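Residue numbers start from 1 in every chain, and the chains themselves are labelled A, B, ... in the order their sequence lines are given, proteins ahead of strands. All of these numbers come straight from a predicted model, not from anything done at the bench. Keep in mind that the numbers below use all heavy atoms, side chains included, and drop hydrogens, waters and symmetry copies.
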Amino acid sequence: MATKKMMIICLSKSAHYSFFKFNNMRGNLFFTNSFLKTPFSFLASTIHSNSFSSSSNVDNFEQHPQSIYQKVANLDDALNLFDQMSQRRPLPSIVKFNQLLHSLTKMKHFSHSLHLFKQMCALGVPVTHYTMSIAIKCCCQLYRTNDAFALLGFCFRRSIVPDVFIFNALLDGLILEDRILEAEIFFKKLIKLKLCEPSVVTYSTMIKGLCKVCNNVIAIQLLRLMDEKGCKPSVVTYSTIIDSLCKDKMIDDAFKLFKEMVFQKGISPDVITYNSLIDGLCSLGRRDEASKMLQEMLDVGISPNVQTFSILVDAFCKDGEVEEAENVIDIMLERGIVPDIVTYNTLIDGYCLRGEMTKAKTIFDSMVFRGLVPDVVTYNSLLNGYCKSLKIDEAMDLFNEITRKGLKHDVVTYNTMAQGLFQVGRCADARKIFDEMHGKGLMPDQLTYGIILEGLCNNHQIEEALSLFHLMGDSKLNTDIVVYTILIDGASKCGKLNIARLLFQDLTKMSLNPDVRIYNVMISGLCREGFIMDAKQLFLKMEKSGPPDQVTYNVLLQGYLRNKHFDDVEMLLHDMDGRGYFLDVSTMSLLIDSIAAGSVDTTMFKLIRKTKTVPAKCGSSDWY
DNA sequence: GTAGGGTTAG
């Protein structure tokens, strides 16, 4: 019954994407290190740092069944046991120490595990290659891969020959830190110098790294190579690439690989493979197909897990169908699957995005009632909700509450709070927020830069935004099309159309392909200043590179009507009709005024009747 | 005597 219900709610609808989500980089961008003296100069003076505070997630702990120390179910037990063991004489066998370290690592208590390793060395416990592989793994997972390589020296001094497990951990560490090029060099060295025989894990890890930088083609080449070399790819190897293809919206290629895996290689997909495909389909708005995959998964006897449901909750929320998302949670409970914090956070975020804060708080309460402890992500969503509804005082209270609850603000918290302050025109306070973030040593991310630029532009401080942009120079941040979109929009709204035009021309120099959004922003700017012919020319130019969307037509139509350029109105309306595009309410009212004034032929009414309207906020240039 | 890799959140 529950399954049927789930199928019913999997109705297809196109997904909406947030303004900042259309980049295709999956790693962090680096910041330039030149010293600048603008109010937000810290952005430019921050360089990529390897410092990272580990997040220890005890909830995910799976007790190791083979461990002789089954009573070690938590960190305190493990630490106590270690104390007892280290006081016993003679010292217990190294295997027992190893097992203890292993269970701590399984619990993701990497720093504690590393600490015990150091104590073992101080005690003179004769560490083995197994101990070393755990220590190295811990360093890598703590984003301290350089320290892990230093431990390799420690191995050599003790005549411990590193094995494939150790190399795999190191390779994974480099990839975790986005050091993909170094990972590739390391991987090639392993093979060339015959340091070890790469295992399926070695290949899969390298493939994961290649996928992380969107290098699916090379990842597939490596898949072929491992097969040729007699190393059989596993469900993990295939799923890694399938997931990457799904994330890059190359769903057809993903399915091609999926079929190859199942029918040619005879490898059975598992719940993760299906989750990736379902998520991929949902993110393309193809929910009916996602629903079919869900059915197929159930047919082959694979039960959906928390993640599967979480993906569905996310898909419904992104489509604005938050009530349906809430139903998914009920279905989970019916099936005896306990929703985790991610699932709840996703739902809370869904309500927050709609500004339904009362509902969001209700879900928050039921989550707490179920014994889940809200984390910084939960609070960030609530903060975003208050900011979006311009309830800045409530947002500020919540911002302070986060630290009172013993949680730390992260970059998302600061970005959200600052964006909220910019929205209500409190630029100086927004700056204070970023200064605080900088003071805490937090790395600004891609969004930080965009939020500052957009905040300055919207508050008529375009010069400030432009000087920051210029001072960032050739930083990777300035090669992001989002940055150009914000500045072109900001410059044209501040009456500096020439600057907007220059920025638009710069796109080619920067080898950035203009997308539909940036065309819309530029066309909107040209129309605003009455450059109708230029706007039309750009509209025709974009036809070649990619089709204009509903927003383009609304923007151009409004430009034609406001500037009394009536010749092309009919053609544009016919085009919109043909493409199934809607008029937004402000375009519609302008058109009706023009018809009433006799400037546009009354026959246009026929076209209007055929055309539904959409709210202005979903179709006007304010989108940008 | 003991291991390793892939999915979900702004």
**Message:** For a quick check of understanding: with a heavy-atom distance under 4.0 Å over all strands, which category does A:Val200 fall into, base, sugar-phosphate or nothing?
**Reply:** base
**Request:** Rounded off to whole Å, could you give me the CG-to-P distance for the A:Leu116 and B:dT2 pair?
**Result:** 21 Å
**Asked** Picking from B:dT2, B:dG4, B:dA9, which would you name as closest to the side chain of A:Val164?
**Response** B:dG4
**Request:** Return the value, rounded to whole Å, for the distance between atom CZ of A:Phe97 and atom C1' of B:dG1.
**Result:** 16 Å
**Prompt:** Rounded to whole angstrom units, what separation is found between the CE atom of A:Met261 and the C1' atom of B:dT7?
**Reply:** 13 Å
**Closest nucleotide among B:dG1, B:dG6, B:dT7 to the A:Asn275 side chain** = B:dT7
**Prompt:** Do A:Met437 and A:Thr448 come within less than 4.5 Å of each other through their side chains, counting heavy atoms only?
**Reply:** yes
**Asked** Does the pair A:Lys212/A:Glu177 count as a salt bridge with the N-to-O cut at 4.0 Å?
**Response** no
**Asked** What integer distance in Å separates A:Ile272:CD1 from B:dG5:C1'?
**Response** 10 Å
**Item:** Side chain of A:Asp163 (C-beta onward), nearest among B:dG4, B:dT2, B:dA3
**Value:** B:dA3
**Item:** Salt bridge A:Asp243-A:Lys247, side-chain N to carboxylate O under 4.0 Å
**Value:** yes
**Complete:** In whole angstroms, the gap separating P of B:dG6 from NZ of A:Lys208 amounts to 4 Å
**Prompt:** Do A:Glu296 and A:Lys292 sit within salt-bridge range, that is, some charged N less than 4.0 Å from a carboxylate O?
**Reply:** no
**Asked** Hey, does the side-chain of A:Thr205 have a donor or acceptor N/O within less than 3.5 Å of a partner on the base of B:dG5?
**Response** no
**Asked** Can we say A:Lys361 and A:Asp365 salt-bridge, meaning some charged N sits less than 4.0 Å from an Asp/Glu carboxylate O?
**Response** no
**Message:** Expressed as a whole number of angstroms, how long is the span from A:His409:NE2 to B:dG10:C1'?
**Reply:** 15 Å
**Prompt:** Is there a donor N/O on one and an acceptor N/O on the other, under 3.5 Å, for the side chain of A:Asp270 and the base of B:dG6?
**Reply:** yes
**Request:** Could you check whether A:Thr105 gets within reach of a base, just the sugar-phosphate, or nothing at all, counting any heavy atom under 4.0 Å?
**Result:** nothing
**Request:** Tell whether A:Thr202 reaches the base of B:dG5 with its side chain through a donor-acceptor pair below 3.5 angstrom.
**Result:** no
**Request:** Check step by step if side-chain hydrogen bond (donor to acceptor under 3.5 Å, both in side chains) holds for A:Asp270 and A:Thr273.
**Result:** CA-CA 5 Å; A:Asp270 62 11; A:Thr273 326; 2.9 Å; yes
**Request:** Check every strand shown and say whether A:Thr240 touches a base, only sugar-phosphate, or nothing at a heavy-atom separation below 4.0 Å.
**Result:** sugar-phosphate
**Message:** Among B:dG10, B:dA3, B:dG5, which nucleotide has an atom closest to any side-chain atom of A:Asp349?
**Reply:** B:dG10
**Asked** A:Asp410 near the nucleic acid: base, sugar-phosphate alone, or nothing, with a heavy-atom cut-off under 4.0 Å?
**Response** nothing
**Prompt:** Counting any heavy atom closer than 4.0 Å, what does A:Thr416 reach on the DNA or RNA strands: base, sugar-phosphate only, or nothing?
**Reply:** nothing
**Message:** So A:Asn384, base contact, sugar-phosphate only, or nothing? Heavy-atom distance under 4.0 Å.
**Reply:** sugar-phosphate
**Message:** Quick check for you: among B:dG4, B:dG5, B:dT2, whose closest atom lies nearest to any side-chain atom of A:Ser204?
**Reply:** B:dG5
**Item:** Nearest listed nucleotide, side chain of A:Asn305, among B:dT7, B:dG10, B:dG4
**Value:** B:dT7
**Message:** Just the rounded figure in Å: distance from P of B:dT7 to NZ of A:Lys212.
**Reply:** 10 Å
**A:Val342 side-chain proximity, nearest of B:dG1, B:dA9, B:dG4** = B:dA9
**Request:** Under 4.0 Å between any heavy atoms, over every strand shown, what does A:Ser234 touch: base, sugar-phosphate, or nothing? Just pick one.
**Result:** base
**Request:** Return no unless some side-chain N or O of A:Lys247 is found under 4.0 Å from OP1 or OP2 of B:dG6.
**Result:** no
**Item:** Options B:dG5, B:dA9, B:dT7, nucleotide nearest the side-chain atoms of A:Asp243
**Value:** B:dT7
**Message:** Taking the ring of A:Phe110 and the ring of A:Phe117, is the distance between their centroids below 6.0 Å?
**Reply:** no
**Message:** Please confirm whether the shortest side-chain N or O distance from A:His102 to OP1 or OP2 of B:dT2 is below 4.0 Å.
**Reply:** no
**Request:** Examine B:dA3: is either OP1 or OP2 under 4.0 Å from a nitrogen or oxygen in the side chain of A:Tyr130? Give yes or no.
**Result:** yes
**Message:** Please classify the nucleic acid contact of A:Asn380 as base, sugar-phosphate, or nothing, using heavy-atom distances under 4.0 Å.
**Reply:** nothing
**Message:** For A:Tyr203 together with A:Phe187, are the ring centres under 6.0 Å from each other?
**Reply:** yes
**Prompt:** Looking at B:dG6, B:dA9, B:dT2, which one has an atom nearest to any side-chain atom of A:Val95?
**Reply:** B:dT2
**Request:** Examine the base of B:dT7 for any acceptor or donor lying under 3.5 Å from a partner atom in the side chain of A:Ser276, and report the outcome as yes or no.
**Result:** no
**Message:** Does A:Val271 reach a base, just sugar-phosphate, or nothing at all? Heavy atoms under 4.0 Å.
**Reply:** nothing
**Request:** Rounded off to whole Å, could you give me the CZ-to-P distance for the A:Phe309 and B:dA9 pair?
**Result:** 17 Å
**Request:** Name the nucleic acid region contacted by A:Asn168, choosing base, sugar-phosphate or nothing; use a 4.0 angstrom heavy-atom cut-off, strictly under.
**Result:** base
